Amino acid sequence: MAEATGTNQTKSMDEIMALCKRRGFVFQASEIYGGINGFWDYGPLGAQLKKNLREAWWQDMIMLPCWGKKGPGGERVRCVPVETTIIQNPKVWEASGHVGGFNDPMVDDKETKQRFRADQLFGMFVALHPGTHADEKAQVVRRILQDIEDGLLPVRTFVASGDADVADAVENGKKLLKPYRVSDLAQWPLDAATVLVANGLDDSKNGEHLLCVFRPVPPAMLSDRSPAVPSPFSGKSGSLMPPRQFNLMFKTYIGATATEDDIAYLRPETAQGIFVQFKNVVDTTRVKVPFGVGNTGKSFRNEVTPRNFTYRSREFEQMELEFFCHPDESADWYRFWRDFRMEWWQSIGLAGDNLQLREHAKDELSHYSTGTSDVEYRFPFTAPGFGELEGIAHRGDYDLRQHQEHSGVKLEYFDTDRGELLPNGSKRGERYLPHCIEPAAGLDRGVLAILCESYTKDPSRPSPEIMRFHPRLAPIKAAVFPLVNKDGMPEVAEKLHTELQGKFGRAGFIETDAKQSIGKRYARMDEGGCPFCFTIDGDTLKDQTVTVRDRDTGAQERIGIGSVSKYLEERLGI
Ligand code: GAP
């Protein structure tokens, strides 16, 4: 039986990564030189899978936006593309806030030479008090939080960027609590930062009362007493430096002199390229507000802790849309895009419990945003929690206003369909800065989610590892096999292969292979995620039929060789 894909908790990232390497989906960048942290290459199947996902976004967001659905006011959704450069005038990043604000406070461990984000340092704080273990939970918590405020240092620290890391650390921490008769060890509904509290009794210490809490190390403790805090890597104190601001943008120099005046940045997002070309797009096309502008391409962030395969990389690709609309209509468009983006990810194979739409709480919003939601996926390394796949943000007029102020160029839009009706029957018009709804998706993260969701193990099949890609995304669309490499079968297979490649080869690979047993050839196709295999056998030569094998069920049926193209056309949606 195939494993339940419900929660992704049973899938092993090691197995998924091994298959990705073995079948040429993802390779470590510069692997023969030992790799380079935070950079990944795509092999033949991965490159085609990624292209298919990018293409699906392009088709459904730009060419036929939202599959032709109507917007909130019943109008057609209109979008156009741009393709902007990775290196922009550095003033773009001053206006966008990335030069001043795209910073993470970082801590260096001078002994192990490792660096981590200050807000990802968790501590295990333990204190002993005279008394009993029968204290009220609230009292226990109050006492230990007061101890921490008074300077109680953590006995252990660990870097945690998600629920799964914290859960791991708590598991390890529990071992330290073994000598205590811990009476209550559970996640209590405390403040959001405090993850677990233990309340126990230490027999060896004459009945002292043990309090333990796992929570982030307070920022003030790191700033004022970092050498006293134990290193999350060595466990020893004395090596942590005070936090320093660290800008995530990669710097480069333009021209040969390489002075401070020549500094430029690799873009950390594709979105700003859209805002700075807003006026050109309006002036050179017939678009009218509301309309969207899409941009896809590489972005770069000097992530401090690149991790979890391609999830947090230093070079990655984004697919972003800025949808410009009248301020009065922006709340409706925000809801429209939020819901459509969730539906889109579901339509390409992420349907089920592993996908969720999470609306940000008020205190999570940027100062200019009146609404932000994330489409989140439960990756095996975040399970049971979720990781962000795409953010949909109502950005108000923040970006256009910033660029208008910094560039001195007016970016207001003159809307001839608004304003009072004039005696001549036309409208007076209204000048305004459009509001913007931004669905911002990560292409590499999308590919990773698709890889994780598609990966299925079924020990009962000769090919226990199957990639159940949605046919639209599958990098191999079909395979044609002669059952044996003789008796006229290879010739028929070759002819069918040529026909299918001519019709479907632009959308993905059409494979053919005459070597090895048919079972091994099917297994290879299952691992590559090929949805349909057509086999030419002895009967084909007599009655012009072939077997078609379905990847997901392993079931086979016979169809006429003349109807193979139509069969594929219907199932691939091409
Ligand atoms: N313009 C808005 C913006 O860039 P973001 O949430 O920082 O928003 C959008 O990025 C998407 O880009 C994320 O949801 C994620 O899918 C992807 N992304 C961001 N940083 C990434 C990284 N270091 N590696 C891979 N993908 C990343």
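Every number for a ligand or one of its atoms is a count from 1 in the order of the listing. Quantities reported herein were computed from a predicted structural model and do not represent experimental measurements.
Looking at Glu390, Glu315, Glu388 and measuring to atom 13 (C) of ligand 1, the nearest heavy atom belongs to Glu388. Between the choices Arg445, Glu438, Glu303, Arg301, the shortest heavy-atom distance to atom 2 (C) of ligand 1 belongs to Glu438. Evaluated by nearest non-hydrogen atom to atom 17 (C) of ligand 1, the leading choice among Ser96, Ala440, Gly442 is Gly442.
Residue Gly235 comes nearest to Pro230 through the heavy atom pair O-CB, 3.5 Å, listed as atom of the first residue, atom of the second, then distance.
Atom 25 (C) of ligand 1 has its closest protein heavy atom at Tyr311 O, 3.1 Å. The protein heavy-atom contact nearest to atom 9 (C) of ligand 1 is Gln318 NE2, 3.4 Å. Nearest non-hydrogen protein atom to atom 18 (N) of ligand 1 is Phe316 CE1, 3.5 Å.
Residue Glu269 has at least one nitrogen or oxygen atom sitting less than 3.5 Å from a nitrogen or oxygen atom of ligand 1, judged on distance alone.
Annotation: ring-ring contact (aromatic ring centres under 6.0 Å, His included) contacts involving residues 271-310, sequence neighbours excluded, comprise Trp40-Phe309, Phe278-Phe324, Phe291-Phe324.
Every atom of ligand 1 with a heavy atom of Glu320 under 4.0 Å away is listed here by number and element: 1 (N), 2 (C), 3 (C), 4 (O). Interface of Leu389 with ligand 1, defined as ligand atoms under 4.0 Å from a residue heavy atom, comprises 14 (O), 16 (O). Near Ala271, the atoms of ligand 1 lying under 4.0 angstrom from a non-hydrogen atom of the residue are 1 (N). Shown in contact with Ser313 at under 4.0 Å from a heavy atom are these atoms of ligand 1, numbered in order with element: 22 (C), 23 (N), 24 (N), 25 (C).
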* Start with the C-alpha gap between Gln277 and Asn280, add the side-chain angles, then the distance that decides, and say whether side-chain hydrogen bond (donor to acceptor under 3.5 Å, both in side chains) holds. => CA-CA 5 Å; Gln277 292 298 354; Asn280 274 336; 2.7 Å; yes
* Asked: Can you list the steps and then say if Thr310 with Val447 is a side-chain contact (heavy atoms from CB on, under 4.5 Å)?
  -> CA-CA 9 Å; Thr310 58; Val447 170; over 6 Å; no
* Please walk me through it: do Phe27 and Tyr42 pass side-chain contact (heavy atoms from CB on, under 4.5 Å)? -> CA-CA 6 Å; Phe27 303 134; Tyr42 290 84; over 6 Å; no
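One finds no salt bridge joining Glu453 and Arg468 here, because no Lys/Arg side-chain nitrogen approaches an Asp/Glu carboxylate oxygen to under 4.0 Å. Salt bridge annotation for Glu329-Arg418: present, with a cationic side-chain nitrogen under 4.0 angstrom from a carboxylate oxygen.
Under the 6.0 Å distance and 45° angle rule, Arg445 does not count as a cation-pi partner of Phe316.
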